[in-house]
Each structure stands twice: as C-alpha cells, then as structure tokens.
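Inspection log for the structure reproduced underneath, given as structure tokens.
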Amino acid sequence: MIIEHLKLFVRVAATNNISQAGKELNLSPAVASAHINKLEDSLGVRLIHRTTRKVSLTEEGQDFLPHAEEVIASFEAAKASVGAGSITPRGTLRVNAPASFGRMHLMPALKGFVKQYPDLTVDLRLSDSILDLVEGGFDIAIRDASLNDSSLVARKLAVDKRIICASPEYLAEFGEPKTPEELNEHSCVNLIGIDTWVFNSTNGQISIKPTGNIRADNGEAVRDACANGIGITMSSTWCVHQHIEQGKLVQILKDYPLISNTAIWAVYPSSRLLAPKVRAFIDYFADKFGDQPNWE
C-alpha cells in the first residue's frame, strides 16, 4: 500500500468516477483502475462497487475512507513540517453555477483565476436547475439558495441581499406601494420557485404571495421584465445593481427589509480531503467576493 493509492481512493470516493479521479492525479484510466485493484488486494477486501455508469463505495470502503483521509492528512502535514513542496492545482475543474450569476460574475472573474493557476482548465456549466454533483461529475457547484442537502459541504462566498424594485415608468403609472400589503394591488413579476416574499416590520413578519401575469425561471429575465415596466419584482442586488445605478430600476419598500437565509455558496461532496484545484477555487472566490461584495 502506497500513499498515491490512498490519494486516488479518496478522490474516487469524492467523484464516484475512477477515470476522473485518475485524471486529476495524472493517471490513465487503466493505471488508476490497476492502483485501486492493488489497494484492494493489499487490504484483502473490495472497497468499490463498479458499474457501467459509476462507482460507489462498499460498506468496507466507507469504513476505510476516514482512515485513508487521516493517513493522507498526516502525510501532508509531515511534508509541510520539513518544507516539502506544495501541490500545484492542475487538471480540469468542473463547475456548475446558476446561469445569471455565472454569466454576470463568475465569467469575468475567471480571467484572474486562470492567470493565477495556469495549469487549470475550468469547465463551467451554467444552469438554473440544481444538478446532482456526483451524477454530473462536478467538482464544485455555486448555489444561490438556502442549503438542505446534508451530503454536501458548503462554504459561504458572499451575502445575497434581496430587494424589491420597479421601473420609474411603472411607478409613475400605477403608484408606489408604501407597505408590503399594498403589493396585493400591483402586478408582480415572479421568479419561479419563490412564491412568497417575507418582510420584516416593526409589527413582525409580513408574508405576501405576489401575483402577476409573468413568471420566469431566470433572474435576468425577471429583472429585464421589471425594467420594461411589466411589474414589481424581488431581485438580488448582484443582479440589479447596474440597473439601479442607471436609473432603470428603483428600490422600493426600503423600510421593510426582506427576510431570507440565502447566500452565495460553494458546495462540494463531503470529504475532509479537498483536491488542490477545488480549494484554490473556493479560496479565490471567497476572497474575490468577500463579506461586502462589490458587484460592479
């Protein structure tokens, strides 16, 4: 049993894919499979179930995983203690992100990221559907939501402040609501999946189910419909800040802040040992966005 076999096993456990794990460690699929076989032979047990679609850990593999991670962590700590060289992030990093946030903020920031890590290739999939990380073979996903999947580890990259806004033309024609309850008298543009807007007030929470003729599953589409005077909407500041600065949208109901537990998260499959490329991505964008992000 050698440390490289353990590293490969841990990455197979994280990706559920022997070929992908081998590629991260610069191993061909055949060599990666041979290494796993050698590890299993040395232990005398089967660690991995293999199918034509994916692999998964056996019960013995699940029991062995934390011990393998501990051995690797101890080995890396030992190397660091004597000044051994650090692992350079390399290979292909597969990322899933929401379409609007990815286009508006990830893509522009990737220029600096790949300049800092020239041995990395980023494969970015933009989709407003929440894709399964393991099934899709993703290393990491960006989520703009509350998190409910306990099988994933998450790190907060930025706050996600949401506001209510409308176009000046809409307000001139239909008037500006002064309380959340008055939204019931207005046409609203809804983002599919968010059916209730919850406000904070001096008298407690106020829940409103906005109604209107337009719903969409994309934040930019909802924002643009609002800017075109179709109705009032709720949107994240990262999506509407330019429109507000340009006067195309106006924030309303400032005295009634929205209640939300959402944030911009980086999530990845549970594992105490992160691939260097995943850690590099998380650290870079956590620093890029920060607690008080400037969305310009």
### Query
Would I259 and I164 show up in the same hydrophobic cluster when neighbours are defined by side-chain heavy atoms closer than 4.5 Å?
no
#### Entry: CA sep, side-chain torsions, deciding dist, call: D283, R155, salt bridge (charged side-chain N to carboxylate O under 4.0 Å, His left out)
CA-CA 10 Å; D283 289 344; R155 179 171 172 184; 2.7 Å; yes
### Task
Could you check whether the rings of H35 and H5 sit parallel, tilted or perpendicular, using 30° and 60° as the cut-offs?
tilted
### Message
Set out, in order, the CA-CA distance, both residues' side-chain angles and the distance that settles side-chain contact (heavy atoms from CB on, under 4.5 Å) for I208 and M234, then state yes or no.
### Response
CA-CA 12 Å; I208 300 296; M234 175 180 71; over 6 Å; no
### Query
Under a single-linkage definition using a 4.5 Å side-chain heavy-atom cutoff for Ile, Leu, Val, Met, Phe, Trp and Tyr, are V250 and Y256 assigned to the same hydrophobic cluster?
yes
### Task
Identify the two heavy atoms, one from I206 and one from P180, that lie closest to each other, and give their separation to 0.1 Å.
CG2-CB, 4.0 Å
### Message
For the backbone of K178 and the side chain of E182, can you confirm whether one donor and one acceptor N or O come within less than 3.5 Å of each other?
### Response
yes
### Task
Would you mind listing every ring pair (Phe, Tyr, Trp, His ring centres under 6.0 Å) that reaches into residues 176-218, with sequence neighbours excluded?
Y170-H186
### Query
Can you check whether N190 reaches D195 side chain to side chain, under 4.5 Å on heavy atoms?
no
### Atom pair CD1/CG of I264 and D160 - distance to nearest 0.5 Å
4.5 Å
### Task
On the 0 to 90° scale, with breaks at 30° and 60°, tag the F9-F64 ring pair as parallel, tilted or perpendicular.
tilted
## Note on the structure
Rounded to the nearest 0.5 angstrom, the CZ-CD distance for R11 and Q20 is 8.0 Å
#### Entry: Minimal non-hydrogen separation, L253 against P177, with atom names
CD2-O, 3.5 Å
### Message
Please give me the minimum heavy-atom distance between N17 and S19, naming the atom from each residue.
### Response
OD1-N, 3.0 Å
### Task
Would you check if the side chain of S33 reaches a backbone N or O of A30 as a donor-acceptor pair within less than 3.5 Å?
no
### Query
So, does E40 use its side chain to make a donor-acceptor pair with the main chain of I48 at under 3.5 Å?
yes
### Query
Looking at D123 and R125, does any basic side-chain N land under 4.0 Å from a carboxylate oxygen?
no
### Message
Is it the case that the side chain of D139 and the backbone of R94 share a donor-acceptor pair, with hydrogens and angles ignored and the cut-off at 3.5 Å?
### Response
yes
#### Entry: Residues I163, I244; criterion side-chain contact (heavy atoms from CB on, under 4.5 Å); working and verdict
CA-CA 11 Å; I163 60 175; I244 289 178; 3.5 Å; yes
### Atom of V240, atom of C165 and distance for their closest heavy-atom approach
CG1-SG, 4.4 Å
### Query
Any chain of hydrophobic side-chain contacts (each under 4.5 Å) joining I192 to I230?
no
### Message
Does any part of the side chain of K23, heavy atoms only, come nearer than 4.5 Å to the side chain of T15, both counted from C-beta?
### Response
no
### Task
Test V114 against V122 for side-chain contact (heavy atoms from CB on, under 4.5 Å), laying out the working first.
CA-CA 8 Å; V114 296; V122 179; 4.2 Å; yes
### Query
How far does CD of E169 sit from CG of L249, to the nearest 0.5 angstrom?
9.5 Å
### Query
Does the T58 side chain pair with the main chain of R46, one donor and one acceptor, at a distance under 3.5 Å?
yes
### Residues, nucleotides or ligands: over 12 heavy atoms within 6.0 Å of E59 CD
no
### Task
Indicate if I252 and L191 have the same hydrophobic cluster label, given that clusters are the connected sets of ILVMFWY residues with side-chain heavy-atom separations under 4.5 angstrom.
yes
### Candidate pair F101 and D144, rule side-chain contact (heavy atoms from CB on, under 4.5 Å), full reasoning
CA-CA 8 Å; F101 186 82; D144 178 18; 5.7 Å; no
### Query
With no hydrogens and no angle check, is any side-chain donor or acceptor of N213 less than 3.5 Å from a backbone partner on S187?
no
#### Entry: Heavy-atom pair with the smallest gap, counting every atom of L8 and A32
CD2-O, 3.2 Å
### Query
Quick one: does E176's side chain have a donor or acceptor within less than 3.5 Å of a partner on L171's backbone?
no
### Message
As an exercise, state the distance from SG of C188 to NZ of K209, rounded to the nearest 0.5 Å.
### Response
13.0 Å
### Task
Give me the ring orientation class for F289 and H105: parallel if the planes are under 30° apart, tilted from 30 to 60°, perpendicular past 60°.
perpendicular
### Task
Kindly compute the distance separating CD (Q246) from NE2 (H241), expressed to the nearest 0.5 Å.
9.0 Å
### Query
Under 3.5 Å, is there a donor-acceptor pair between the side chain of K277 and the main chain of T92?
yes
### Query
Okay, side chain of S236, backbone of W238: is any donor-acceptor separation there less than 3.5 Å?
no
### Message
Would you compute the distance between atom CG of N37 and atom OG of S42 and round it to the nearest 0.5 angstrom?
### Response
11.0 Å
### Query
Has N184 got more than 12 heavy atoms of other residues, nucleotides or ligands less than 6.0 Å from its CG?
yes
## Note on the structure
Between L120 and F113 the two heavy atoms that sit nearest each other are CD1-CZ, 3.8 Å
Indicate every side-chain donor-acceptor pair of residues 220-229 with a distance under 3.5 Å to a residue at least two apart or in another chain.
unit_1: E220; atom_1: OE1; unit_2: S100; atom_2: OG; d: 3.3
unit_1: E220; atom_1: OE1; unit_2: R103; atom_2: NE; d: 3.2
unit_1: E220; atom_1: OE2; unit_2: R103; atom_2: NE; d: 3.0
unit_1: E220; atom_1: OE2; unit_2: R103; atom_2: NH2; d: 2.1
unit_1: R223; atom_1: NH1; unit_2: C239; atom_2: O; d: 3.0
unit_1: N228; atom_1: ND2; unit_2: D224; atom_2: O; d: 3.2

### Message
Is any side-chain heavy atom of I18 closer than 4.5 Å to one of R50?
### Response
yes
### Query
Mind checking whether I142 and L124 sit in one hydrophobic cluster, side chains of I, L, V, M, F, W, Y counted as touching below 4.5 Å?
yes
